[in-house]
Trainee: 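Sending over a structure as structure tokens; questions will come in a sec.
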Amino acid sequence: MEKREDKQEEEQEQVVNPWEVTAKDGGKIDYDKLIDKFGCQRLEEPLVDRVQRLTGRPAHVFLRRGVFFAHRDFDEILNGYEKGKKFYLYTGRGPSSEALHLGHLVPFMFTKYLQDAFKVPLVIQLTDDEKCMWKNLSVEECQRLARENAKDIIACGFDVTKTFIFSDFDYVGGSFYKNMVRIAKCVTYNKVVGIFGFSGEDHIGKVSFPPIQAAPSFPSSFPHLFSGKDDLRCLIPCAIDQDPYFRMTRDVAPRLGYHKPSLIESSFFPALQGETGKMSASDPNSAIYVTDSAKVIKNKINKYAFSGGQDSIEKHRELGANLEVDIPVKYLSFFLEDDAELEHIKTEYGAGRMLTGEVKKRLADVLTELVDRHRAARAAVTEEMVDAFMAVRPLPNMFD
């Protein structure tokens with residue numbers, strides 16, 4: 001009985017699944033507990049060092065600072081790569097809003113680094129069908145949003161000769177659909193309920209969706225890219241809330257004769273108000289959007305970014321800031337490239353020699369530069385460029 005109560009208590013502490021991320025009682029997400037619950041591995045420094053050695057370039061800031069902190073069989077991807085065996089990348093986006101916020105950019109910024117560093121092809125799935133089933137959106141609106149979101153993704157700088165972006169509504173069929181059916185036959189209703197928590201109130205579209213997100217993990221779903229390459233491994237960079245989909249996929253893969261997909265998983269980019277979960281597209285003041293002006297960014301940071309500083313200058317000078325809860329410092333940890341400057345800010349702010357206003361000003365400068373750069377890149381994305389990325393065509397130089 002006591003064990004069962006402990007389990008119930010643990011389950012009440014935090015909820016992390018593809019549709020909901022919340023911590024208990026306004027606290028923080030416990031990532032160690034999440035690793036134990038999901039059964040993935042922590043991404044340790046020797047793996048980061050190995051990435052640097054194999055690629056001949058510095059590790060991305062998201063790797064160096066533990067933003068991508070967990071993995072499944074990433075070491076096997078590196079083992080194969082060391083022996084000359086290439087792999088492909090797979091990531092995605094559920095298009096439910098017109099504009100992306102900074103949290104949405106994190107996996108794409110990191111995936112761009114992986115594509116450049118390892119010189120491998122990439123497939124990007126736009127799950128417009130999923131958003132139609134989970135949100136109050138029409139099929140047509142989800143298709144429109146998918147195309148708009150594709151422009152933001154392309155603006156991250158992906159190589160069109162190595163990248164295929166597809167919308168489920170447009171691409172699903174043929175070999176992809178055959179793999180969906182093969183996957184679906186391997187997963188019982190009880191299993192899918194156990195993994196995803198579906199209830200009798202959920203419509204059957206939700207229950208039928210997981211094989212759609214699983215199918216890109218297998219190279220035969222893309223015969224125009226990987227014909228005759230069924231032995232090709234897949235690496236999926238994603239936030240850890242997507243892990244349930246790929247636990248299911250990894251369970252099924254050996255039964256279908258495929259390698260289990262490998263994952264490299266990130267923590268959540270916190271809301272401005274604090275680290276209780278991830279940014280919400282439904283609350284515009286919880287997030288910085290790629291469409292926000294410099295003035296809006298500054299105002300949001302000053303008004304909403306939760307500070308670990310003290311409530312008076314005297315007290316702050318005496319006690320310093322609590323860096324564990326300070327959102328401006330968290331955001332700088334994601335987006336301030338200079339390691340030395342970040343450490344300087346942490347040291348000075350933590351000791352009370354730097355004030356909250358100074359840290360927020362530096363953050364506003366960093367984010368304004370990032371957003372301005374992204375907005376300029378997006379403005380240069382034409383409809384013809386979107387068509388080129390989404391065209392079903394071979395990528396002859398994808399491993400060069």
Side-chain angles (χ1 to χ4, degrees), residues 51 54-60 62-63 77-78 80-93 95 100 104-128 146-168 170-176 215-238 259 261-262 264 290 373-400:
V51 169
L54 288 175
T55 61
R57 62 171 67 197
H60 193 278
F62 293 164
L63 267 184
I77 290 282
L78 298 181
Y81 187 82
E82 202 159 19
K83 294 171 186 166
K85 291 181 181 176
K86 291 290 182 101
F87 57 93
Y88 73 99
L89 295 161
Y90 156 40
T91 194
R93 158 92 185 123
L100 274 61
H104 294 140
L105 282 188
V106 166
F108 293 111
M109 292 169 74
F110 186 63
T111 302
K112 161 84 165 76
Y113 153 78
L114 291 173
Q115 184 182 57
D116 292 348
F118 289 100
K119 299 180 175 59
V120 289
L122 161 68
V123 296
I124 299 175
Q125 180 182 42
L126 300 173
T127 56
D128 41 8
R147 196 168 175 90
E148 288 304 306
N149 284 188
K151 294 172 186 174
D152 277 303
I153 292 167
I154 292 166
C156 292
F158 292 107
D159 183 345
V160 70
T161 68
K162 290 182 167 65
T163 307
F164 173 50
I165 300 175
F166 66 98
S167 118
D168 286 344
D170 291 337
Y171 182 72
V172 170
S175 298
F176 191 102
S217 309
F218 303 144
S220 63
S221 295
F222 306 100
H224 64 289
L225 300 177
F226 307 130
S227 181
K229 294 185 169 72
D230 285 3
D231 201 41
L232 197 62
R233 284 188 173 274
C234 175
L235 174 63
I236 304 167
C238 61
H259 289 296
S262 299
I264 183 163
V290 295
R373 194 167 60 238
H374 180 86
R375 196 159 46 227
R378 192 192 192 281
V381 176
T382 63
E383 294 297 335
E384 290 73 24
M385 286 170 71
V386 178
D387 290 340
F389 273 92
M390 298 185 80
V392 178
R393 80 281 183 206
L395 300 175
N397 303 315
M398 61 186 172
F399 290 113
D400 293 348

Trainee: Using atom types as modelled and distance alone, determine if a side-chain donor or acceptor of His259 lies under 3.5 Å from a backbone N or O of Asp231.
Mentor: yes

Trainee: Would you please indicate if the ring centroids of Phe87 and Phe118 are separated by under 6.0 Å?
Mentor: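 Yes.
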
Trainee: May I ask you to test the Ser220-Ser175 pair for a side-chain heavy-atom distance under 4.5 Å?
Mentor: no

Trainee: Are Arg375 and Val290 close enough that some pair of their side-chain heavy atoms sits under 4.5 Å apart?
Mentor: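 No. Closest side-chain heavy atoms not under 4.5 Å.
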
Trainee: Looking at every heavy atom in both Tyr81 and Ala117, which two are closest together, and how far apart are they?
Mentor: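 That closest heavy-atom pairing would be OH-O, 4.2 Å.
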
Trainee: With rounding to the nearest 0.5 Å, note down the distance linking CG in Asp387 to CD1 in Ile165.
Mentor: 11.5 Å

Trainee: So, do Thr163 and Pro121 sit near enough that their side-chain heavy atoms are less than 4.5 Å apart?
Mentor: no

Trainee: On a heavy-atom basis, which atom in His374 and which in Cys156 lie closest, and how many Å separate them?
Mentor: CE1-SG, 4.3 Å

Trainee: Thr111 and Pro237: which non-hydrogen atoms are nearest, and at how many Å?
Mentor: OG1-CG, 3.4 Å

Trainee: Do the side chains of Phe218 and Cys234 get nearer than 4.5 Å, heavy atoms only?
Mentor: no

Trainee: Output every pair passing ring pair (Phe, Tyr, Trp, His ring centres under 6.0 Å) with a member in residues 146-168, not counting sequence neighbours, ordered by first then second residue.
Mentor: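 Residue pairs with at least one partner in residues 146-168: Phe164-Phe166, Phe164-Tyr171, Phe164-His224, Phe166-Tyr171, Phe166-Phe176, Phe166-Phe222.
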
Trainee: Taking side chain as C-beta onward, heavy atoms only, is Arg233 less than 4.5 Å from Tyr88?
Mentor: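 SC-SC contact between Arg233 and Tyr88 ruled out.
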
Trainee: Could you walk me through whether Arg93 and Leu100 pass side chain to side chain contact (heavy atoms under 4.5 Å, CB included), step by step?
Mentor: CA-CA 10 Å; Arg93 158 92 185 123; Leu100 274 61; 4.0 Å; yes

Trainee: Looking at side-chain heavy atoms only, is the closest gap between Lys162 and Leu122 below 4.5 Å?
Mentor: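 The answer is no; the side chains never approach within 4.5 Å.
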
Trainee: Report the C-alpha distance between Met398 and Gln115 in whole Å, list the side-chain angles of each, state the deciding distance to 0.1 Å, and finish with yes or no for side chain to side chain contact (heavy atoms under 4.5 Å, CB included).
Mentor: CA-CA 10 Å; Met398 61 186 172; Gln115 184 182 57; over 6 Å; no

Trainee: Check whether any side-chain heavy atom of Ile264 lies under 4.5 Å from a side-chain heavy atom of Leu63, and answer yes or no.
Mentor: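 Yes, close enough: below the 4.5 Å cut-off.
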
Trainee: Any side-chain donor paired with an acceptor under 3.5 Å for Ser167 and Asp128?
Mentor: yes

Trainee: For residues Pro394 and Pro396, report the shortest heavy-atom separation together with the two atoms involved.
Mentor: O-CD, 3.4 Å

Trainee: Can you name the nearest heavy-atom pair linking Val381 to Ala155, along with the distance?
Mentor: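 Residues Val381 and Ala155, closest heavy atoms: CG2-N, 4.1 Å.
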
Trainee: Where is the tightest heavy-atom contact between Ser221 and Ala215, given as atom of each residue plus distance?
Mentor: OG-O, 2.7 Å

Trainee: My understanding is that only residues two or more places apart in sequence, or in another chain, count here; which of them pass salt bridge (Lys or Arg N to Asp or Glu O under 4.0 Å) with Asp170?
Mentor: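 None.
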
Trainee: One pair to check against side chain to side chain contact (heavy atoms under 4.5 Å, CB included): Ser217 and Ile236. What are the steps and the verdict?
Mentor: CA-CA 8 Å; Ser217 309; Ile236 304 167; 3.8 Å; yes

Trainee: So do Ile154 and Met385 actually touch side chain to side chain, heavy atoms under 4.5 Å?
Mentor: yes

Trainee: Would you confirm whether Thr91, through its side chain, and Ile124, through its main-chain N or O, come within 3.5 Å as a donor-acceptor pair?
Mentor: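 Side chain of Thr91 to backbone of Ile124, a donor-acceptor pair under 3.5 Å: no, none is there.
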
Trainee: Can you tell me which residue pairs pass the side chain to side chain donor-acceptor pair (under 3.5 Å) test with a partner in residues 389-400, sequence neighbours excluded?
Mentor: none

Trainee: Please answer whether the main-chain N or O of Phe399 pairs with a side-chain N or O of Lys86 as donor and acceptor at a distance below 3.5 Å.
Mentor: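 Yes, because the side chain of Lys86 sits within donor-acceptor range (under 3.5 Å) of the backbone of Phe399.
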
Trainee: Where the side chain of Arg147 meets the backbone of Glu383, is there a donor-acceptor pair that is under 3.5 Å apart?
Mentor: yes

Trainee: Apply the side-chain contact (heavy atoms from CB on, under 4.5 Å) test between Val120 and each candidate in Leu89, Ile77, Leu114, Leu235; give the one that qualifies.
Mentor: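 The passing option is Leu89.
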
Trainee: Is a side-chain donor-acceptor pair under 3.5 Å present for Asn149 with His104?
Mentor: no

Trainee: Before you tell me yes or no, could you show the steps for Asp159 and Lys119 under salt bridge (charged side-chain N to carboxylate O under 4.0 Å, His left out), namely the whole-Å CA-CA distance, both residues' side-chain angles and the distance that decides it to 0.1 Å?
Mentor: CA-CA 10 Å; Asp159 183 345; Lys119 299 180 175 59; over 6 Å; no

